[in-house]
J.: 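Below is one structure. I have some questions about it.
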Amino acid sequence: MHAILLIFLSRTATTTPTLRNETDRLALLAFKTEIMDDPLQALSSWNDSLHFCEWRGVTCGRKHQRVSALNLASLSLEGPLSPHIANLSFLTAISVSNNRFHGRVPYELGHLFRLRQLDLSLNSFQGKIPAAISNCSKLFILNISSNSLVGKIPFELGSLYHLKRLSLFRNALTGNIPPSLGNLSSLLTISLARNELDGSIPDDLCRISKLRFLQISENKLSGTIPSSIYNLSDIFMFSVTDNHLHGTLPWSVGLTLPNLQWFYVALNRFTGSIPISLSNASLLQGLSFSSNDFTGGVPMDLGNLQFLRGLFVSGNRMGTGKAEDLKFVDSLTNCSSLQGLAFFQNHFVGPFPNSIANLSTQLSELTMGENQLTGSICAGIENLVNLRALSMNDNLLSGEIPVALGKLRNLQQLLLSTNRLSGEIPASIGNMTELLELDLHENNLEGSIPPSLGNCLKLNILIISQNNLSGAIPKQVMSISSLSISLNLSQNSLTGFLPLEVGSLRNLREIDVSENRLTGVIPQSLGNCESLVVLHLQSNCFNGTIPSSLSNLRAIDVLDLSRNNLTGQIPEFLGSFTFLNNLNFSFNDFDGKLPNKGVFGNASAISVMGNSKLCGGIPMLQLPECATQAPKRRKTFLYLAVFIPTIAIAVCSIFAAVLYGRRKSRTELSSTNSIKGHYTSISYSDLRKATDEFSSSNLIGVGSYGSVYRGTFALDNTIVAVKVLNLQRQGASKSFIAECEALRNVRHRNLVKVLASCSSIDFKGNDFKALVYEFMPNGSLEEWLHPKEEEGHRLRNLSLNPRLNIAIDVAYALDYLHNHQGTPIAHCDLKPTNILLDNDLVAHVGDFGLAKILFETNNNSSITDINSITIKGSIGYVAPEYGMGRGVSTLGDVYSYGILLLELFTGLRPTEDMFKNGLSLHEFAKMAFPDRLMEIADPLILEEDSRGDVTNNVESERQRLLECFASVVGVGIACSKETPRDRMLMKEVVAEMLVIRDKFLGVGIYKRDEK
């Protein structure tokens, strides 16, 4: 019996481990069977030819031969994570990071009570974090970052008392940060960044006394930073960037956090000043306060931080207005490890700090634009030999660009635009062979473009527009094949031909050489630039025909050849261009028949005015019909048919003139011909009949200086709008004169067309003045945005796309008035009631009663009024500088456009009752930008969006709408800034709005992949 018992016990001892080992082997094979793709054949060794403890990525314990660790990181494996992994009951570590695992995180992982490390990062896991993971009570590393997890962070994770590192960043987690995490007294690292967590930072986190690394950036957290969090004396990284946090920072932060190395609070809403005590945190390496609302100066003692590598205070309201504002730069010369310094977009004033030349030679980023720095750029800046980004744009810098800049051989970005720099562009810039972006626009630079720029063979962007440059365009510049984003040489005095080498720019998106003095033909080689989206050649002296090679520009969206001396026929191939939305051939000498297909079929997308030899086209362009050649045998008959009626008409005309001369009734005085239109002579009697004696039933609007009536001429049933001036109103006569003068020579598809004017006497002997406009059947934009109560059931709603088109139409009109019709004209009264919509909802800007003809000063953004009419404008839309006595400028129109744009997309008038005590529509939009924009969107836009095609991906369409809305509001905010010099120009607005529309519609370079 004893022998039998020993044999049984012996067999039991040997078979039980074997069965357990078999469990592990089967679990691993089950894991492998769910792998859908193994491109590296990483699991090829997982077969019976080897013991499973020798399989790749598998580690077994020595004593029991059980799987203790599974490391399959970075093997490109794809598939779900098999729940059979939970059968590996001896597992202490799992790492499957940087693969393509997807599906849910198995809740079965909670059965692995020995597990200490779990790394599922850099995959595509979805769903929620399983609360069952909290059963892994020995876990000290939990990393599920960079996945697509949603939902809340499980409250139960607060029971993992041994946890030292918690990494859940880069997911889509929502809800509050659970206060239970404060129970994790062993925690050293918390990383919850790049989620959608909201609520406030829980005070409970402050109980984790050993915490060294706290990163909760890029969420939606609000409230203030708990004061007790500054008691975490061991913390070396504190990052709450890009949330909605507010309040002030405690003055003692540098004293209470002695081990602090990285302190990031950028992209929040903090106010007050930067604590001076930070200079006591002697281990500090990085400080970021950018994009908040900090005021005051930068602490002068930061130079004590000998380990400081980066200081970023951009995008605040810092600066005291005194010359000492930039003294802090002097102290930073002691920071020998400094690599990044950014203080752009603040209110710093004073001379360019020469101490910049003494900063660390390790400095790679220096951005100081959008301040009010004066003086010249010091030559000593050449000492910063490792600079990669240098930005000094939008200041008041003067003098010449230092030749010594050419010694910065590592520079990749050089931004000196919008200053007062003069002299020539130094040829030494060509030594910067690493340059990716060079922007020198809007200065007073003169001389020629240095051919040495052709040595910058990595350039993506070259902008030197709005200067006083002359001479020819160097062929070396046109040979920089790396140019891919923009080449802008516009608004200079360049001469000569457009070099043939332009054909080298095969990857370039935008070419703008407009408003120069270029001559010759448009080179055939331009057709090689097949990636072009925007091409501006207008306002030069090009001659010849449009080259046939332009048929290769299939991606073109904007093509402007206006105001040149081009001849020949307009090619039909342009009508086949899918993405062409803006075509301007105005004021050339084109002839022949205008095509009517593609873009030529959209009157709001094409302009051909000033080409008297063109015929045909769609009726809305009002070109004459093309004559057909008659057969020879009918010529004699045609001569007679034309000659005899002509003689008869002439005789009748002479007779009528004699009779007319004898009639001197004051009631039928001839109308003025100052505005050429379809009707060249309209009398008071004609207008009275057309409006049914100015009947109230035909009244369609009342303005500041008169009333507008609907009229119909019986002769051809033409419907018009008649604006009758109220001459009893002071300023009405001047308004009439101003409108006639402003519209004397302007013609644009987005301006209301004036058919005639009438200056006569009514039947009672009173002066009578009126203007006759093209009738707009869809009324004003005001009626669509704010219908009256009695019109509330019209169900007239503007979805997002029509609003975009209306905004672009208005921008086109203003750009034309400001930049493309000779002497600039400021409209001065842009508002929804003055924007009229035709049958196709194409917008037309009207009512030029306050318009100003302007002349330009040396600064293009400052235009002085030469008209004596008092500016009134409309409350809410009028630019603030007009109220301070500033002269009229085109930038005043830009402000009105910005307000109009915000009204168009929020549905809120700038005069709403809510806008008081310093709150305006501009500030209202700015506070919501960019994270709370859907809260201010016109509900009708969202309602229309929700009725869309249910087969679409709702979430992606919603995201597309949000991105579009955010971009438009951004333009509205930029246009309606209080200071004129901070606003966009209308030509920039047009370009930006076109990009926004194309991206929303998914056309051009933004074309979405077809499903």
Side-chain angles (χ1 to χ4, degrees), residues 211-214 224-225 227-241 245 247-268 270-320 322-344 346-348 350 353-368 371 384:
L211 195 63
R212 302 186 63 198
F213 184 103
L214 177 60
T224 60
I225 299 175
S227 57
S228 53
I229 212 163
Y230 297 106
N231 297 326
L232 300 175
S233 57
D234 287 339
I235 201 161
F236 73 85
M237 181 170 190
F238 180 74
S239 178
V240 294
T241 306
L245 300 168
T248 59
L249 302 177
W251 67 270
S252 59
V253 59
L255 300 173
T256 55
L257 302 177
N259 295 309
L260 192 64
Q261 297 179 31
W262 308 92
F263 188 67
Y264 295 151
V265 294
L267 291 159
N268 282 287
F270 290 117
T271 57
S273 57
I274 295 175
I276 58 175
S277 64
L278 282 169
S279 60
N280 294 303
S282 58
L283 300 179
L284 265 173
Q285 298 183 42
L287 284 170
S288 180
F289 303 94
S290 300
S291 300
N292 280 285
D293 204 18
F294 287 109
T295 54
V298 177
M300 298 293 181
D301 297 329
L302 295 182
N304 297 334
L305 304 175
Q306 58 179 324
F307 300 111
L308 190 65
R309 296 168 61 188
L311 173 62
F312 308 98
V313 296
S314 304
N316 285 283
R317 292 192 296 125
M318 303 192 69
T320 63
K322 299 178 181 178
E324 293 78 21
D325 277 351
L326 298 173
K327 285 291 184 182
F328 74 91
V329 177
D330 299 347
S331 70
L332 296 179
T333 58
N334 298 322
C335 303
S336 58
S337 299
L338 193 65
Q339 297 178 19
L341 174 60
F343 55 91
F344 70 91
N346 277 287
H347 295 166
F348 294 119
N354 292 331
S355 56
I356 280 180
N358 299 321
L359 292 175
S360 169
T361 56
Q362 295 187 42
L363 195 68
S364 63
E365 176 187 357
L366 175 60
T367 56
M368 48 201 291
N371 285 287
L384 307 179

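Index from 1, following the sequence.
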J.: Do Y230 and L249 have side chains that approach each other closer than 4.5 Å (heavy atoms only, starting at C-beta)?
T.: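 In contact.
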
J.: Going by heavy atoms in the side chains, are V253 and S277 under 4.5 Å from each other?
T.: yes

J.: Between F213 and Q261, is any pair of side-chain heavy atoms under 4.5 Å apart?
T.: no

J.: Test your reading of the model: is there a side-chain donor-acceptor pair from S279 to the backbone of L302, 3.5 Å cut-off?
T.: no

J.: So L384 and T361, do their side chains get closer than 4.5 Å, heavy atoms only?
T.: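 T361 does not reach L384 side chain to side chain.
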
J.: Taking atom CD1 of I276 as the centre, does the number of heavy atoms from other residues, nucleotides or ligands within less than 6.0 Å exceed 12?
T.: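 Counting neighbours around CD1 of I276, 12 or fewer heavy atoms of other residues, nucleotides or ligands fall under 6.0 Å, so no.
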
J.: Would you compute the distance between atom NZ of K327 and atom CG of D330 and round it to the nearest 0.5 angstrom?
T.: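 The NZ atom of K327 sits 5.5 Å away from the CG atom of D330.
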
J.: Measure the CG-CG distance between L287 and L305 for me, rounded to the nearest 0.5 Å.
T.: 6.5 Å

J.: As an exercise, state the distance from CG of L308 to CG of L284, rounded to the nearest 0.5 Å.
T.: 7.0 Å

J.: Ignoring hydrogens and geometry, is there a side-chain-to-backbone donor-acceptor pair from N346 to G319 under 3.5 Å?
T.: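 Between the backbone of G319 and the side chain of N346 there is no qualifying donor-acceptor contact (under 3.5 Å).
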
J.: Spell out, as yes or no, whether a donor-acceptor pair under 3.5 Å connects the side chain of S291 to the backbone of L267.
T.: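 Pair absent, no side-chain N/O of S291 close to backbone of L267.
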
J.: Between N354 and I356, is any pair of side-chain heavy atoms under 4.5 Å apart?
T.: no

J.: Short question: side chain of S331, backbone of M300 - any donor-acceptor pair under 3.5 Å?
T.: yes

J.: I'd like to know if the side chain of N268 reaches the main chain of L245, judged simply by a donor and an acceptor atom lying under 3.5 Å from each other, with no hydrogens or angles considered.
T.: yes

J.: I need the minimum non-hydrogen distance between L278 and I274, along with the two atoms involved.
T.: CD1-CG2, 4.0 Å

J.: Could you walk me through whether L283 and N259 pass the side-chain contact (heavy atoms from CB on, under 4.5 Å) check?
T.: CA-CA 6 Å; L283 300 179; N259 295 309; 4.1 Å; yes

J.: What do the steps show when you test L260 against F238 for side-chain contact (heavy atoms from CB on, under 4.5 Å), and what is the final call?
T.: CA-CA 8 Å; L260 192 64; F238 180 74; 4.2 Å; yes

J.: To the nearest 0.5 angstrom, please state how far the OG1 atom of T241 sits from the CZ atom of F312.
T.: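 The distance works out to 11.0 Å.
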
J.: Would you please test F270 and F294 for side-chain contact (heavy atoms from CB on, under 4.5 Å) and show each step?
T.: CA-CA 6 Å; F270 290 117; F294 287 109; 3.5 Å; yes

J.: Under a 3.5 Å distance rule, please check whether S288 uses its side chain to pair with a backbone N or O of Y264 as donor and acceptor.
T.: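 Side chain of S288 to backbone of Y264: no pair is present.
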
J.: What pairs meet the salt bridge (charged side-chain N to carboxylate O under 4.0 Å, His left out) rule with one or both residues in residues 280-303, with sequence neighbours excluded?
T.: D293-R317

J.: With a 4.5 Å limit on heavy-atom distance, are the side chains of Q306 and N334 in contact?
T.: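 Answer no - side chains too far apart.
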
J.: If you look at every heavy atom in S290 and N316, which pair is closest and at what distance?
T.: CA-ND2, 3.9 Å

J.: D234 side chain to L211 main-chain N or O, any donor-acceptor pair under 3.5 Å?
T.: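 No, because the side chain of D234 does not come within donor-acceptor range (under 3.5 Å) of the backbone of L211.
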
J.: Is the closest side-chain heavy-atom distance between I225 and V240 below 4.5 Å?
T.: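 SC-SC contact between I225 and V240 confirmed.
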
J.: Could you measure the distance from the CZ atom of F344 to the OG1 atom of T367? Nearest 0.5 Å is fine.
T.: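 Answer for the CZ-OG1 pair, F344 versus T367, is 5.0 Å.
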
J.: Report yes if the side chains of F289 and V265 come closer than 4.5 Å at any heavy-atom pair, otherwise no.
T.: yes

J.: Donor-acceptor pair, distance only, cut-off 3.5 Å: does the side chain of N304 make one with the backbone of N280?
T.: no

J.: Tell me if a side-chain donor or acceptor on S364 pairs with a main-chain N or O of Q339 at a distance below 3.5 Å.
T.: yes

J.: Testing the basics here: between S233 and P258, what is the closest heavy-atom pair and its distance to 0.1 Å?
T.: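 Minimum heavy-atom separation between S233 and P258: O-CD, 3.9 Å.
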
J.: I'd like to check the ring pair (Phe, Tyr, Trp, His ring centres under 6.0 Å) partners of F328; sequence neighbours left out, ordered by chain and number.
T.: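 Once residues adjacent in sequence are excluded, the partners of F328 under the ring pair (Phe, Tyr, Trp, His ring centres under 6.0 Å) criterion are F343, F348.
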
J.: For S337 and F307, what are the C-alpha separation, side-chain angles and deciding distance, and is it a side-chain contact (heavy atoms from CB on, under 4.5 Å)?
T.: CA-CA 6 Å; S337 299; F307 300 111; 5.6 Å; no

J.: Please list, chain by chain and in numerical order, all residues satisfying side chain to side chain contact (heavy atoms under 4.5 Å, CB included) with T333, sequence neighbours excluded.
T.: S355, N358, L359

J.: Nearest 0.5 Å please: distance from the CD1 atom of I235 over to the OG atom of S239.
T.: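 Those atoms lie 10.0 Å apart.
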
